[in-house]
Amino acid sequence: MNKEEISQIFEELAMLAELNDESPFKSRAYMNAARIILDLTDDLETLVNENSLTDIEGIGQNIAAKIVELVNTGKLKSYDKLRALVPDGVFQMLKISGLGPKKVKVLWKKYAITNLGDLKMSCERHALKALPGFGIKTEENILAGIESLKKFSGKWLYIEAQRWAEEVLSDVAKIKGVVRVEIAGSIRRKKEVVKDIDIVAAADNSAHIMKAFVSLPYVDRIVQHGKTKSEVILNSGIQCDLRVVSNDEYPFALHHFTGSKEHNVRMRGLAKSKGIKMNEYGLFEGKSKRGIPCKDEADIFKAFGLDYIEPELREDMGEVDAAGEGVLPQLIEGSDLKGILHVHTNYTDGEATIEEMALAAKSRGYEYIAICDHSQNLTVVGGLKPADVRKQHKEIDALNKRIKNFTILKGIEVDILADGSLDYSDKVLSSFDIVIAAVHTRFKMSEEDMTRRIIRAVENPHVDILAHPTGRLLLTREPYLVDMKRVIDAIGNHKKAVEINAHPQRLDLDWRWMRYAKGRGAKFAICPDAHSTDGIDNVINGVNVARKGWLEKGDVLNCSDLKKCPTLFDRLHR
DNA sequence: GCCGTTTTCGGCCCGACTGTTTTCAGTCG
């Protein structure tokens, strides 16, 4: 049983606790455990064998025992017993916006509604309005909630959400009276997948700003329209919240609505331990109504003796402690990238020529580019045969003579075959400046087979970088089964690099693994996997997640200057 | 269910909006 499955069980245990009217704190503890398990870099089996589960903050005796049972037997008797009493449809009902455990329980127990179909019909017949706590509006909201549940998964790629957020931001900024306004929430934290858009604004008179906001032309539906907080659904289907506070309150509100929730809880806990109450309006000492003045977020952190914590780091993954000890990383920035690695050309499935890709990179201020087309195994895109490789290398040699102050590297994205061998002979492989190895076929192997396959490729002396290590496509395709920990250990042991594939749908290696990988001595390569000149700009997505992974420019290969370090990739082979 | 320099009980972050209610529970972030 893998982490995702075990995490899912704790999520359901949390919902079951709510449905069963247990202490809300119990449910919260389960939810917390679900998140911890998902973010864990250590192998669960190892932790079980070492008997060290309870060393993890948030995992006590009880939850540890449940994890042990799940890992050892693949089952959890207490969960199975509770779960059997609740129909699947009840869990689906909990996903409807506006319906929580209390109302769902009434629907289920008092009205025997156990699926979305029955719920929809009951709302249409106005059968629910007689129930205590329900009314016509509730029925309408449930119907709208069922529709959006069906229409949208409720999750969005960062770049899509970010684009819409920028549009709303610029329109809100134009509303008269708005002093400051920023995108907050998970978009500001640069999460790879987000649920909604959060915007925070500073203004004196919030009422007319709210009116202007809910009247924006691309607002499809108003969910909430209050004096200081409103929530709408945009035409695109994404939810967008606006919060308006006074200019003095703005830094606190921005921090609060940037989250994450877990980071906020941590900060509030710290505040409380110092006798300070912290909310979205300020910091208040004791019972004082007058807050500690802060002109920006940095002042808030300073008030607790903390260094400024970048939004990307606010995931409660040790950033508050690190800020207190002054050991936060100097996060990588887009301008730190000196070269572009991993682009495709019209030799395979790219749109542009080698020259067009090179000039596009040069015009963006980069010093080098590594052309990494597909190898022969990938016939669907016309992978390069050895003769094509020779032809491409000749063309690169000629271009390098012609294009000044720029270097084109001879690279390849070589397929890792099913047995872990590579798609070319040693002779062909040694003709490249840089070799990126990737899995593109046979995704459905067992975890053990896939892990061995990839590790064998990592151990191959020709390989510099392991591409998109899990093969995931966000919101589309699950990652293939692979033991990331063992793969990363192999990369570190062999002084290789792992790709941070910056295609917005990949963002693979996942940022949650980066600190572990760094600790194991792995290097990173932020690669656009560009199939056109515009695709080069994807690198920024990779920088975003690298920042979430606490990476500094020294961790990333293509932050190196090719002139200062002509054998940029040779050092990998030491 | 978790946690502990207040250590085996009694806390656990805090506030806005809605709908149904007639002062507040439920939901959400």
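Numbered from 1 within each chain, the chains take letters A, B, ... in sequence-line order.
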Any base atoms under 4.0 Å from [X], or only sugar-phosphate, or nothing? Heavy atoms, all strands.
X	result
A:Ile56	sugar-phosphate
A:Lys261	nothing
A:Glu57	sugar-phosphate
A:Asn141	sugar-phosphate
A:Pro24	nothing
A:Leu131	nothing
A:Glu280	sugar-phosphate
A:Met278	sugar-phosphate
A:Phe257	nothing

Taking the side chain of [X] as heavy atoms from C-beta outward, which of [options] is closest to it?
X	options	result
A:Asp241	B:dG19, B:dG29, B:dG1	B:dG29
A:Lys66	B:dC17, B:dG1, B:dG26	B:dG1
A:His256	B:dG29, B:dC3, B:dG1	B:dG29
A:Lys195	B:dG29, B:dC17, B:dC3	B:dG29
A:Asn279	B:dC17, B:dC14, B:dA16	B:dC14
A:Lys137	B:dG19, B:dC3, B:dG26	B:dG19
A:Ala29	B:dG15, B:dC2, B:dT27	B:dC2
A:Asn62	B:dG1, B:dG19, B:dG15	B:dG1
A:Phe25	B:dC12, B:dT27, B:dG15	B:dC12
A:His225	B:dG26, B:dC17, B:dT18	B:dT18

What's the [atom1]-[atom2] distance between [X] and [N], to the nearest Å?
X	N	atom1	atom2	value
A:Phe252	B:dC14	CZ	P	15 Å
A:Lys229	B:dG15	NZ	P	14 Å
A:Asp196	B:dC28	CG	P	13 Å
A:Glu18	B:dG1	CD	P	15 Å
A:Glu231	B:dG19	CD	P	11 Å
A:Phe134	B:dA25	CZ	P	16 Å
A:Leu19	B:dT27	CG	C1'	14 Å
A:Ile222	B:dC17	CD1	P	14 Å

Which residue, A:Lys227 or A:Ser97, contacts DNA chain B at a nucleotide closer to its 5' end, judged by nearest heavy atom?
->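 Per heavy-atom nearest nucleotide, the more 5' residue is A:Lys227.
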Could you check A:Tyr281 against A:Lys272 and say which one's nearest nucleotide on DNA chain B is further toward the 5' end?
->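 That would be A:Lys272.
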Taking only the side-chain nitrogens and oxygens of [X], find out if one of them lies under 4.0 Å from OP1 or OP2 of [N].
X	N	value
A:Ser23	B:dC12	no
A:Thr228	B:dC17	yes
A:Lys102	B:dC24	no

Side-chain contact test, heavy atoms from C-beta onward, threshold under 4.5 Å: evaluate it for A:Arg189 versus A:Thr258 and give yes or no.
->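 A:Arg189 vs A:Thr258: side chains touch.
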Rounded to whole angstrom, note down the [atom1] distance from [N] over to [M].
N	M	atom1	result
B:dT7	B:dC12	C1'	16 Å
B:dG15	B:dG10	P	25 Å
B:dT21	B:dT27	P	14 Å
B:dT20	B:dA25	C1'	9 Å
B:dA16	B:dT8	P	36 Å
B:dT23	B:dG19	C1'	13 Å

Identify whether NZ of Lys or CZ of Arg in A:Lys66 sits under 6.0 Å from the centre of the six-membered ring of A:Tyr79 and within 45° of that ring's axis.
-> no
Regarding [X] and [Y], does a basic nitrogen lie under 4.0 Å from an acidic carboxylate oxygen?
X	Y	answer
A:Glu280	A:Lys229	no
A:Glu192	A:Arg512	yes
A:Glu167	A:Arg163	no

Under 30°, 30 to 60°, or over 60°: which ring-plane class applies to A:Trp156 and A:Trp164, parallel, tilted or perpendicular?
->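 Judged by the thresholds at 30° and 60°, the geometry between A:Trp156 and A:Trp164 is perpendicular.
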Nucleotide paired to B:dT8 in any strand shown, Watson-Crick or G-U, under 3.5 Å =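 Answer to the pairing question: none, since B:dT8 forms no Watson-Crick or G-U pair.
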With a 6.0 Å cut-off on ring centres, are A:Phe301 and A:His255 close enough?
-> yes
Give a yes or no on whether the ring-centroid distance for A:Tyr281 and A:Phe252 is below 6.0 angstrom.
-> no
